[in-house]
**Q** 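After the structure tokens below, expect a handful of questions from me.
A, B, ... follow the sequence lines: proteins, then strands. Residue 1 opens every chain. In this text the structure is predicted, and so the values were computed from the model without any measurement. These values consider heavy atoms only, across backbone and side chains, with no hydrogens, waters or symmetry-generated copies.
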Amino acid sequence: MRRAALISVPYIWLLALFLIPFLVVFKISLSDIALAIPPYTPTMRDGFWNMLSQLDFENFIFLTEDDLYWKAYVSSLQIALISTVLTLMVGYPMAYAMARAPDQWRPTLLMLVILPFWTSFLIRVYAWVGILSNEGFLNQFLLWVGVIGEPLTILNTNTAVYIGIVYTYLPFMILPIYSALDRLDGSLIEAAEDLGCSRLKAFWLVTVPLSKNGIIAGCFLVFIPALGEFVIPSLLGGSSTLMIGKVLFEEFFSNRDWPVASAVAVILLLILIVPIVLFQRNEQRQAEAET
Amino acid sequence: MAETVFAPWDDPTAEPIIRFRNVTKRFGTFVAIDDLTLDIYPQEFFALLGPSGCGKTTMMRMLAGFENPTEGSIELAGKDIAGVPANKRAVNMMFQSYALFPHLSIWDNIAFGLRRETSDKAAISARVEEMLKLTRLEKLARRKPHQISGGQRQRVALARSLAKAPKLLLLDEPLGALDAKLREATQFELMDIQEKTGTTFVIVTHDQEEAMTVASRIAVMDEGRIMQVATPDRIYEAPASVYVADFIGDVNILAGTVTATGADTYALTWKDGAAPVTAVSEATFTDGQQAHLAVRPEKVAIHTTKPEDVDNLLKGKVLDIAYLGNLSTYHVELPGGQIIKAQTANTRRLSRRSITWEDPVWVGWTKTAGVLLDT
Ligand SMILES: Nc1ncnc2c1ncn2[C@@H]1O[C@H](COP(=O)(O)OP(=O)(O)OP(=O)(O)O)[C@@H](O)[C@H]1O
Ligand SMILES: [Mg+2]
């Protein structure tokens with residue numbers, strides 16, 4: 001009895017925080033826009049069976065008719081993918097350096113990686129506006145050094161979005177890779193060198209494969225939230241930056257079209273389920289390999 | 001034609017393959033290797049023996065290229081190897097921790113080193129199969145290291161280090177996790193490989209019997225220093241110090257002062273009021289000098305009645321009997337509390353053995369049975 005109660009806790013949690021909200025959103029996505037509060041019909045006030053009978057897939061069909069939506073999805077995928085690769089390229093060397101650092105330094109370095117979380121995410125993104133704008137610190141510095149003649153336009157472009165995403169999600173990349181590299185037995189590298197590998201070859205043949213799980217975990221942890229990212233593209237991106245998070249926000253708050261916004265959200269979730277399931281499988285495999 | 005004995009260490013013209021010259025290795029202020037000078041010759045089977053933490057692995061790591069000496073130099077085949085990276089040395093090492101690649105199968109682990117030097121798939125495959133057969137791992141080739149037992153892992157590590165047929169092979173406790181039968185078989189296999197390939201082996205072991213079986217020479221180490229380097233029989237029969245005598249095998253030590261009683265015979269007064277024991281020694285001692293007599297238990301005979309014509313004879317009673325199957329060791333307590341161990345072969349069945357606990361007995365040995373040592 002107690003066992004059953006214990007096991008049911010996470011399921012109740014999932015039910016309350018994921019499944020029920022999802023069902024609500026899904027129901028709204030099948031409704032029609034209305035000038036009312038809430039701004040859609042039908043609702044429970046029309047009676048349960050009556051409500052069910054009025055639901056339809058109109059909004060989903062609408063999404064396929066206006067090419068803004070699929071373009072936004074594709075563009076989001078593209079931006080999320082590129083940012084993930086960039087984050088990996090920046091994060092891996094940092095994680096590697098941390099894992100190789102002398103023991104007494106490691107807690108400090110870990111602390112430094114986590115430190116940004118102590119300030120609000122929003123403030124940190126705004127700080128990037130100050131850095132990247134035409135009159136921002138970066139341009140002023142480059143002008144002062146004399147590398148450039150006139151300010152670079154970085155803010156309000158996709159470049160700024162990449163910088164923002166890489167910056168924000170870097171810890172999520174570093175931590176799993178660091179933990180994989182930290183566990184790596186140094187004598188394996190020595191064995192590889194002993195058997196004729198150069199440093200680089202040993203890195204490629206031993207270190208990289210053995211940190212694979214950390215790399216996969218890090219990539220998913222960056223890719224999944226980056227796909228639906230809203231704050232970074234809307235603050236740092238320009239009018240041409242097309243991301244599904246932004247579209248979603250506009251449908252909800254500018255157009256007040258909750259049903260279409262919900263349909264967008266449902267599709268986004270369906271897209272995300274694939275990497276989430278893959279991520280779970282990776283975690284599971286890793287856990288199995290360790291026992 | 002007289003058979004030539006393999007003893008390059010006695011040949012002044014022989015070129016050593018490894019030469020440690022006044023090598024010191026410090027970790028911080030801790031001295032792991034202390035001013036070590038040592039020559040190892042081609043085709044030797046050189047065993048390093050010593051208590052845990054005496055610096056055996058550190059010596060190996062310096063040879064393999066993972067540590068650099070703090071002072072002194074190491075030469076490999078006449079060339080100073082300081083600064084030569086590990087992957088450029090014709091040396092392979094079997095790690096004490098095995099260091100198998102967990103993401104690769106047994107097969108790929110063994111093929112790892114071969115793939116670095118050739119891309120000839122057929123040659124690699126043939127060599128790997130050969131190694132698998134040698135270490136009796138054929139059935140496990142497709143498994144990953146975490147799917148096999150400790151002893152099997154050890155064999156994979158051995159196979160991997162053997163695969164490249166290096167000039168010099170460093171084995172850090174290669175057989176510790178094997179059962180007695182397999183260990184013996186592998187020891188002979190190693191000697192066989194050594195004979196066939198002419199590879200020089202340096203082997204670390206905690207097992208004296210193993211060192212005795214396989215080694216051409218044994219170095220006994222203590223706290224970063226070499227106490228003695230000699231052939232197994234010299235190490236056993238003519239240890240250079242009490243430490244070596246005590247470390248290798250079982251030994252009875254009597255400490256006292258010596259007086260010369262003949263050209264090369266000495267009397268050792270080991271206890272006030274007891275008759276001195278006599279011993280023959282090649283080394284010379286001055287009268288009144290402190291000395292130790294080391295006698296191996298198997299050279300001490302045990303008697304139930306007082307025998308005649310024995311150089312050294314002491315009376316005591318049996319305190320303990322250690323039965324080892326083929327041998328029995330009797331712990332005989334002398335009147336002063338000193339214990340003398342005497343070993344006899346069990347040529348008769350246990351039930352017919354005549355000596356038992358608390359029996360008064362005599363223990364005796366000849367004057368050439370022991371070695372007189374000053375330290
Ligand atoms: N990297 C290191 N830093 C500091 N001390 C070390 C280091 N490596 C080894 N030591 C010390 O040097 C000494 C010799 O170590 P080594 O590993 O050579 O011992 P060993 O003879 O191989 O022992 P065992 O038989 O237990 O394997 C030990 O006291 C060890 O603590
Ligand atoms: Mg060791």
Side-chain angles (χ1 to χ4, degrees), chain A residues 88 92 95-96 99-106 176-220 278-279 281-291, chain B residues 28 57 60-67 84-105 108-119 124 127-128 131 143-147 153 156-166 168-172:
Chain A
L88 177 63
Y92 198 98
Y96 187 79
R100 282 299 179 96
D103 282 348
Q104 68 267 31
W105 277 90
R106 289 192 197 176
I177 296 178
Y178 168 76
S179 108
L181 288 175
D182 189 41
R183 259 176 297 162
L184 195 137
D185 179 2
S187 65
L188 294 178
I189 309 297
E190 288 181 346
E193 287 180 27
D194 187 65
L195 292 166
C197 284
S198 63
R199 281 270 157 84
L200 199 69
K201 196 98 196 181
F203 174 77
W204 188 243
L205 289 175
V206 179
T207 313
V208 170
L210 287 177
S211 53
K212 192 185 77 192
N213 284 327
I215 295 174
I216 294 176
C219 286
F220 281 130
L278 287 176
F279 174 71
R281 285 235 317 248
N282 175 58
E283 294 287 291
Q284 214 167 344
R285 261 212 314 261
Q286 191 178 344
E288 271 164 22
E290 272 160 21
T291 50
Chain B
T57 299
M60 295 273 207
R61 290 175 57 80
M62 288 195 286
L63 280 172
F66 304 128
E67 307 278 2
V84 180
N87 58 330
K88 295 272 164 22
R89 298 187 184 188
V91 176
N92 280 151
M93 173 152 166
M94 177 185 158
F95 287 73
Q96 194 168 7
S97 61
Y98 314 151
L100 300 179
F101 304 121
H103 59 300
L104 299 179
S105 68
D108 290 325
N109 261 284
I110 298 172
F112 192 92
L114 299 168
R115 292 209 171 111
R116 305 285 83 75
E117 53 181 22
T118 168
S119 51
I124 292 174
R127 182 72 181 155
V128 172
M131 288 298 117
R143 297 220 197 145
K144 292 276 177 71
H146 67 90
Q147 296 166 322
R153 261 175 245 168
V156 177
L158 185 61
R160 189 179 68 178
S161 60
L162 283 171
K164 285 185 89 172
L168 174 62
L169 192 57
L170 308 172
L171 305 172
D172 201 346

**Q** Using 0.5 Å steps for rounding, measure from the CE atom of Met60(B) to the CG atom of Leu171(B).
**A** 6.5 Å
**Q** CD1 of Ile177(A) to OH of Tyr96(A): how many Å apart, nearest 0.5 Å?
**A** 13.0 Å
**Q** Which atoms form the tightest heavy-atom contact between Pro145(B) and Pro102(B), and what is the distance?
**A** CD-O, 3.9 Å
**Q** Would you mind checking which part of Ala192(A) comes under 4.5 Å of any heavy atom in chain B, side chain (CB onward), backbone (N, CA, C, O), both or neither?
**A** both
**Q** Phe101(B) versus Asp108(B): any side-chain heavy-atom pair under 4.5 Å?
**A** no
**Q** Is there a donor-acceptor contact under 3.5 Å from the side chain of Thr118(B) to the main chain of Leu114(B)?
**A** no
**Q** What residue, out of Leu104(B), Val91(B), Asn92(B), has the most heavy-atom pairs lying under 4.5 Å from chain A?
**A** Asn92(B)
**Q** Relative to chain A, which segment of Leu100(B) carries a heavy atom at a distance below 4.5 Å: side chain, backbone, both, or neither?
**A** backbone
**Q** At what distance, to the nearest 0.5 angstrom, does OG of Ser187(A) lie from OH of Tyr98(B)?
**A** 12.0 Å
**Q** Select one option (side chain, backbone, both, neither) describing which atoms of Arg115(B) are under 4.5 Å from chain A's heavy atoms.
**A** neither
**Q** Tabulate, in ascending numerical order, the residues of residues 206-215 of chain A having at least one heavy atom closer than 4.5 Å to a heavy atom of chain B, or enter 'none'.
**A** Val206(A), Pro209(A), Leu210(A)
**Q** Please state whether the side chain, the backbone, both or neither of Ile189(A) comes within less than 4.5 Å of a heavy atom of chain B.
**A** neither
**Q** Between Lys144(B), Arg160(B), Met94(B), which shows the greatest number of heavy-atom pairs under 4.5 Å with chain A?
**A** Arg160(B)
**Q** Enter the distance from Arg153(B):CZ to His146(B):NE2 here, rounded to the nearest 0.5 Å.
**A** 9.5 Å
**Q** Sequence neighbours left out, what passes ring-ring contact (aromatic ring centres under 6.0 Å, His included) with Tyr178(A)? Give chain and number order.
**A** none
**Q** Side chain from CB out, backbone as N, CA, C, O: work out which of these in Phe95(B) comes under 4.5 Å of a heavy atom of chain A, or both, or neither.
**A** side chain
**Q** Do you know which of Arg89(B), Lys164(B), Glu117(B), Lys88(B) has the most heavy-atom pairs under 4.5 Å to chain A?
**A** Lys164(B)
**Q** Do Arg116(B)'s NZ or CZ and the ring of Phe112(B) fall within the cation-pi criteria of under 6.0 Å and 45°?
**A** yes
**Q** Keeping Asn87(B) on the side-chain end and Cys197(A) on the backbone end, is there a donor-acceptor pair under 3.5 Å?
**A** yes
